[in-house]
K.L.:
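Sharing a structure with you now.
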Amino acid sequence: MFEGLVLLGVSLASFLTVKALLYTLGATLLGILIGCMPGLSATLAISLMTTLTIKLPPNDAILILICAYVGTIYGGSRTAILLNIPGTAANAAACLDGYQLARRGQAGRAMGIATTGSVAGSLFGILCLAILTPALGEVALTFQSYEFFWLCLFGVLMSGSITGEDPLKGWIMGLLGLAVSLIGQDGIHGYERFAYGSTDLAGGLSLIPTLVGAFGAAEVLTVMSERFRRPRLHAVDSILPRIADVLRYWRTVLRSGVIGVYIGILPGVGEDMAAWSSYAAARRASKEPEAFGKGSVEGLIAAETGDNASIPGGIIPALALAIPGSAPAAVLLAAMIIHGVKPGPMLMIESPQFVYDVVAMNVLATVAMLFFGLFLVRPLLKVLMVPRTVIMPIVFTLCTVGSFAIAQRLFDVWTMLGVGIVMFVLRRFGYHAAPFVLGLVLGDLMDKSLRRGLVISDGDLTPFLTRPISAILAVVVVATIAMGIPAVNRAVRAGVRRMGGMARIRRAA
Amino acid sequence: MRRADLLFGLFWTVLGAATVFESWRMDRLEAQGINPWTVPGLVPGLLGAALTLCGAILTARAARGVMHSGNVMEVAVPDAPLPEAPLPVAPMPDGVPPDEPAQAAEPWRIALALLLCGGFAGGLVGSGLPFPLAAFAFVFLSIVAFEWPDRRAGGTLARGAVGAALIAAGASATVTLVFQELFLVRLP
């Protein structure tokens, strides 16, 4: 306990330098600006920033990425409140009440509430990050190949089930990501798979150019293919949050924080789901559910607390298990690996200080978010007026040069372009990139875990199903698949409703 | 969408089957005496089989939908991320103008976006043309092309072109300087 506090103190002190503070402010501001622009996501921001920070020392680079992550998710609420367009998918829930408040002339109040919720959620998430990461890391030390295989499968399937409206398409994207990750030399024997004599393919598709393509190029193409109209902004009143708003809804803040962290920890389930779940839970528990969607302060605070709490939540499994909690966390995990950090169960043993460094980075990002949220609202609104016809070509130029910069080979640029075009087309037909990214990141670990597990058990599948944690994960995986089958899903829901009805009847009797 | 699902379903089925076939053809490395459970084709083969299964289910589902197109059979899927249905938007207060409808993609914009981005990243970059010039051409052409309808309607084509040239020059110079001088990247 005290050892952890000492390590956290050391981490915080190490970042109290002019350079680190400038990185914090700059990256958070850039993140907020990116988040303000509809079409540019947190995943894109982190992917691009990874290419920009490749030559920096690991801690500086990760600090910049985390600040950009936090800033982007927060910045998206601006657009949600003022334009009714979520800046990132995570802010969609904030549109419902934030925009209604803005239409009533309370845009500033809405932004103040969003800032308060975001900061509260972020701080709660950071607390959980500091407490749960070492604990989960300790549990993970007992994990063997069997458990890691199931965890990878669970992450990809869960992401596929929840992203989008059709689990089947989500699973297809997850399988596609897993398959694509296997292109190149395999991790056990060095055998070239699906390379067909190409030296470029033998090295595999580089992760960052692929991610930049999936999120950057695809998003640029999507936005460019839509007509842009200059937005009409609502007037902004005072942005200072009212203490009464915060104190009145402390239960909502706490509940949304717990939901946000929980959903963040689930592999592959991102900030958008955290925001919607927090919003729905707040509406169910509210004394004024009818106000939701009509400018409810409680609804807005719940959504923004939930999505920001899920950021540190998503980093917890990324650090402790090397299994990312969300698509942006997957890119963050890839960036950590590029910078020589080895996330996973051994992290707390090999470099425990790094976990607290990440906690300190989140604290700095939250403070910077609060600063910009309170003092730089009006100048930040100007970015909303910049036409997307100007922004998008520049972003695509950055995607191109960023993909090239990592290994300085043209093949990476073509990878980015190819993946971007494929994702752009698939997205138009209801296929989402998040499960693909999860598959891409987890493919190698899943491949090695399954084969090593089979070697250890000499081809016996029993340990995959009988070891306690393996068994639980296997049941969850099967349940996830079963719930994706419409007939099973309907039957289960009907059964749950019947049981709920019977319980109510018994209570009444 | 059902017709697209049908085509995609067939595509995934074929892709999965091809993956299984290619995995089966992979070397078992028997000469190296490796453990048979570590053969390189094991996991790709399983993934290919799973992809084939998913593709077949998608195809069957879409085919049923297409056949019943007169009386479209809705295929139920679990609830979307929002656990409860989105709330209706509140009525607008007096004096507040209605919102503009969401923008849909336009075919000519899609084609142009693909042409410009593909031409830049797949053609211009690495073709021997200095990167700053390639970046300038891409940004300039993109801005001019996508603003063309509005600029023409407003009679500001020339002004728009000058603005686009200035933005393109600034962006190209900044990106080149940052990557070349700050990050020491030898640009293509």
Side-chain angles (χ1 to χ4, degrees), chain A residues 55 84 96 100 103-104 162 165-168 171-172 175 178-179 182 186 188-189 191 193-194 217 220-221 224-227 229 272-273 276-277 280 292-295 389-390 393-394 396-398 400-401 404-405 408 410 413-414 416-417 421 429 447 450-451 454-455 459 483-484 486 489-490, chain B residues 4 8 12 19 22 26-27 29 34-35 37-38 40 42-44 47 50-51 54 57-58 75-78 80-84 87-88 90 92-93 96 99-100 103-106 109-110 113-114 117-118 120-122 125-126 135 138-139 142-143 146-147 167 171 175 179 183 185-188:
Chain A
K55 300 245 165 104
N84 201 23
L96 292 179
Q100 296 306 327
R103 292 168 87 202
R104 287 187 205 156
I162 287 171
E165 293 178 358
D166 188 346
L168 187 60
W171 297 341
I172 287 173
L175 290 170
L178 288 169
L182 301 182
D186 89 279
I188 295 182
H189 303 300
Y191 178 83
R193 295 188 283 205
F194 306 113
V220 168
L221 286 167
M224 278 174 130
S225 63
E226 292 165 359
R227 193 168 176 208
R229 281 190 193 148
D272 44 348
M273 185 65 187
W276 282 121
S277 301
F292 278 60
K294 296 171 188 167
T389 45
V390 170
I394 297 172
F396 189 78
T397 309
L398 285 173
T400 306
V401 76
F404 180 80
Q408 308 201 7
L410 273 176
V413 175
W414 300 334
M416 179 277 299
L417 179 65
I421 291 174
F429 292 98
D447 176 38
L450 177 63
R451 291 195 285 159
L454 284 171
V455 169
M483 288 300 282
N489 190 293
R490 274 196 302 268
Chain B
F8 269 111
W12 299 127
T19 309
E22 285 296 296
M26 279 181 197
D27 198 338
L29 304 175
I34 63 154
N35 187 309
W37 293 108
T38 65
L42 177 71
V43 176
L47 290 175
L51 191 58
C54 289
I57 294 170
L58 185 63
V75 178
V77 292
L82 179 60
E84 291 173 42
L87 290 156
M92 282 172 294
V96 177
D99 292 329
E100 287 173 358
Q103 303 298 306
E106 295 173 281
R109 284 180 186 273
I110 296 174
L114 287 171
C117 293
F120 173 61
V125 174
F138 169 68
V139 176
S142 300
I143 296 174
F146 285 109
E147 288 188 347
I167 292 167
V175 170
F179 277 89
F183 300 122
V185 174
R186 188 179 51 79
L187 290 171

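We name chains A, B, ... by the order of the sequence lines, and we start the count at 1 in each one.
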K.L.:
Quick one: closest heavy-atom pair of B:A121 and A:T400, and the distance?
P.N.:
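Minimum heavy-atom separation between B:A121 and A:T400: CB-OG1, 4.1 Å.
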
K.L.:
Counting only heavy atoms closer than 4.5 Å, note whether A:T397 contacts chain B via side chain, backbone, both or neither.
P.N.:
both

K.L.:
Stepwise, does the side-chain contact (heavy atoms from CB on, under 4.5 Å) test hold for B:V185 with A:V401?
P.N.:
CA-CA 9 Å; B:V185 174; A:V401 76; 5.6 Å; no

K.L.:
Calculate, to the nearest 0.5 Å, the distance between atoms CG and CZ belonging to B:L187 and A:F404 respectively.
P.N.:
7.0 Å

K.L.:
Which residues satisfy the ring pair (Phe, Tyr, Trp, His ring centres under 6.0 Å) test with A:F396, sequence neighbours excluded?
P.N.:
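Ring pair (Phe, Tyr, Trp, His ring centres under 6.0 Å) check on A:F396 returns B:F138.
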
K.L.:
Would you mind telling me which of B:C54, B:S142, B:A113, B:P40 has the largest number of heavy-atom pairs within less than 4.5 Å of chain A?
P.N.:
B:P40

K.L.:
By a 4.5 Å heavy-atom criterion (distance strictly below it), what part of B:F146 contacts chain A: side chain, backbone, both, or neither?
P.N.:
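For B:F146, the contact with chain A is made by backbone and side chain together.
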
K.L.:
State whether the side chain of A:H189 and the backbone N or O of B:T38 hold a donor-acceptor pair below 3.5 Å, judged by distance alone.
P.N.:
yes

K.L.:
Answer with side chain, backbone, both or neither: which region of A:L178 has an atom nearer than 4.5 Å to a non-hydrogen atom of chain B?
P.N.:
both

K.L.:
Using non-hydrogen atoms only, which part of B:I110 is less than 4.5 Å away from chain A: side chain, backbone, both, or neither?
P.N.:
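Both parts, backbone and side chain.
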
K.L.:
If you tally heavy-atom pairs under 4.5 Å against chain B, which of A:L221, A:L398, A:V413 wins?
P.N.:
A:L221

K.L.:
Less than 4.5 Å to any heavy atom of chain B: does that hold for the side chain of A:F429, its backbone, both, or neither?
P.N.:
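For A:F429, heavy atoms of backbone and side chain both lie under 4.5 Å from chain B.
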
K.L.:
Less than 4.5 Å to any heavy atom of chain A: does that hold for the side chain of B:V175, its backbone, both, or neither?
P.N.:
side chain

K.L.:
Non-hydrogen atoms of chain A under 4.5 Å away: do they reach the side chain of B:I167, the backbone, both or neither?
P.N.:
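B:I167 touches chain A through side-chain heavy atoms alone.
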
K.L.:
Is the backbone of A:M483 close enough, under 3.5 Å, to the side chain of A:N489 for a donor and an acceptor to pair up by distance?
P.N.:
yes

K.L.:
Start with the C-alpha distance between B:R186 and A:Q408, add both sets of side-chain angles, then the distance that settles side-chain contact (heavy atoms from CB on, under 4.5 Å), and finish with yes or no.
P.N.:
CA-CA 7 Å; B:R186 188 179 51 79; A:Q408 308 201 7; 3.6 Å; yes

K.L.:
Would you mind checking which part of A:L410 comes under 4.5 Å of any heavy atom in chain B, side chain (CB onward), backbone (N, CA, C, O), both or neither?
P.N.:
side chain

K.L.:
Checking B:E147 against A:V390 for the side-chain contact (heavy atoms from CB on, under 4.5 Å) test, could you report, in this order, the C-alpha distance in whole Å, the side-chain angles of both residues, the deciding distance, and whether it holds?
P.N.:
CA-CA 9 Å; B:E147 288 188 347; A:V390 170; 4.2 Å; yes

K.L.:
Tell me, side chain or backbone of B:A50 under 4.5 Å from chain A's heavy atoms, or both, or neither?
P.N.:
both

K.L.:
If you count heavy-atom pairs under 4.5 Å with chain B, which of A:I421, A:I188, A:I394, A:V455 comes out on top?
P.N.:
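Most pairs with chain B among the choices: A:V455.
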
K.L.:
Looking at residues at least two apart in the chain, or sitting in another chain, which of them share a side chain to side chain donor-acceptor pair (under 3.5 Å) with A:D447?
P.N.:
A:R193, A:R451

K.L.:
With a 4.5 angstrom heavy-atom cut-off, is it the side chain or the backbone of B:L29 that approaches chain A, or both, or neither?
P.N.:
side chain

K.L.:
Which one of B:W12, B:F8, B:W37, B:F120 has the most heavy-atom pairs closer than 4.5 Å to chain A?
P.N.:
B:W37

